[in-house]
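Sharing a structure here in structure tokens format.
Note that this is a predicted model, so its numbers are computed, not measured. Counting starts at 1 for both ligands and their atoms, in listed order.
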Amino acid sequence: MDFTPEQQTTIDALAYHYSEILKLLGEDPTREGLLKTPQRVAKSMLFLTKGYQQNPSEILSSAIFMEDYKQMVIVKDIDFYSMCEHHLLPFFGKVHVAYIPNHAITGLSKIPRIVEVFARRLQVQERMTTQIKECIQQTLNPLGVMVVIEAQHLCMQMRGVEKQNSITTTSDFTGAFEAAKTREEFISLIRH
Ligand SMILES: [Zn+2]
């Protein structure tokens with residue numbers, strides 16, 4: 001990965017602070033195994049938060065097609081990795097998206113791409129769910145959109161506060177999905 005001079009300045013500043021963090025944890029950042037760790041972590045953090053530099057609405061509207069298809073479009077099992085903003089620990093799992101077009105459809109690969117943009121920011125699962133929903137609703141103006149996220153949170157699992165391996169499910173929807181029957185159809189389609 002190549003970095004701009006501006007990014008390199010950010011990486012150096014982050015690396016300085018990570019080195020300080022290592023000292024505060026009682027480590028010696030000059031020992032061999034840790035020598036490059038601050039730079040590595042800084043670059044990795046920049047990658048894991050690169051969604052801040054990307055505009056999801058632009059990605060969606062870059063591929064809009066006019067079609068008369070009026071049935072549910074479902075993109076399910078989209079893998080994502082994000083980081084919880086409360087502990088800076090990963091949460092990850094699957095996103096399922098359904099929308100009912102109102103003339104405009106988008107390229108199917110664009111849905112996973114906007115999931116990626118929202119996931120590569122510091123997040124809470126609830127907000128990520130709503131942001132994906134709103135982005136699709138505002139950009140495609142469909143008859144309805146529904147987003148379901150199932151995720152495991154390492155801040156729960158590693159710290160042993162909650163049941164291990166528990167899955168957190170969130171969902172949000174608009175328009176046609178306000179009808180319970182439509183939601184059920186989507187849920188049953190993502191269950192297998
Ligand atoms: Zn957390």
Handout entry: the Zn ion (ligand 1) - number of protein N/O/S atoms closer than 2.8 Å
Key =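 Protein heteroatoms (N, O, S) closer than 2.8 Å to the Zn ion (ligand 1) number 3.
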Considering only distance and modelled atom types, tabulate donor-acceptor pairs under 3.5 Å from the side chains of residues 83-94, sequence neighbours left out.
from  : atom 1 : to     : atom 2 : distance (Å)
Glu85 : OE1    : Arg127 : NH1    : 3.4
Glu85 : OE1    : Arg127 : NH2    : 2.7
Glu85 : OE2    : Arg127 : NH1    : 3.4
His87 : NE2    : Arg159 : NH2    : 3.3
Lys94 : NZ     : Asp79  : OD1    : 2.7

Exercise for the section: Can you measure from CE (Met128) to CD (Gln125) and round to the nearest 0.5 angstrom? Expected result: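 CD of Gln125 is found 7.5 Å from CE of Met128.
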Exercise for the section: Flag the pair Arg191 and Glu150 as a salt bridge only when some basic side-chain nitrogen lies within less than 4.0 angstrom of an acidic carboxylate oxygen. Expected result: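 Looking at Glu150 together with Arg191, the answer is yes, because their closest N to O distance falls below 4.0 Å.
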Donor-acceptor contacts under 3.5 Å from residues 134-143 side chains, at least two apart:
from   : atom 1 : to     : atom 2 : distance (Å)
Gln137 : OE1    : Thr174 : OG1    : 2.7
Gln137 : NE2    : Pro142 : O      : 3.4
Thr139 : OG1    : Cys135 : O      : 2.6

Handout entry: Donor-acceptor contact present, side-chain Thr182 to main-chain Glu178, <3.5 Å
Key =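 Flag not set: sc Thr182 to bb Glu178 has no pair under 3.5 Å.
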Exercise answer: donor-acceptor pairs, residues 112-122 side-chain atoms, under 3.5 Å, sequence neighbours excluded:
from   : atom 1 : to     : atom 2 : distance (Å)
Glu116 : OE2    : Arg120 : NE     : 3.0
Arg121 : NE     : Gly51  : O      : 2.9
Arg121 : NH2    : Gly51  : O      : 2.8
Arg121 : NH2    : Gln54  : O      : 3.0

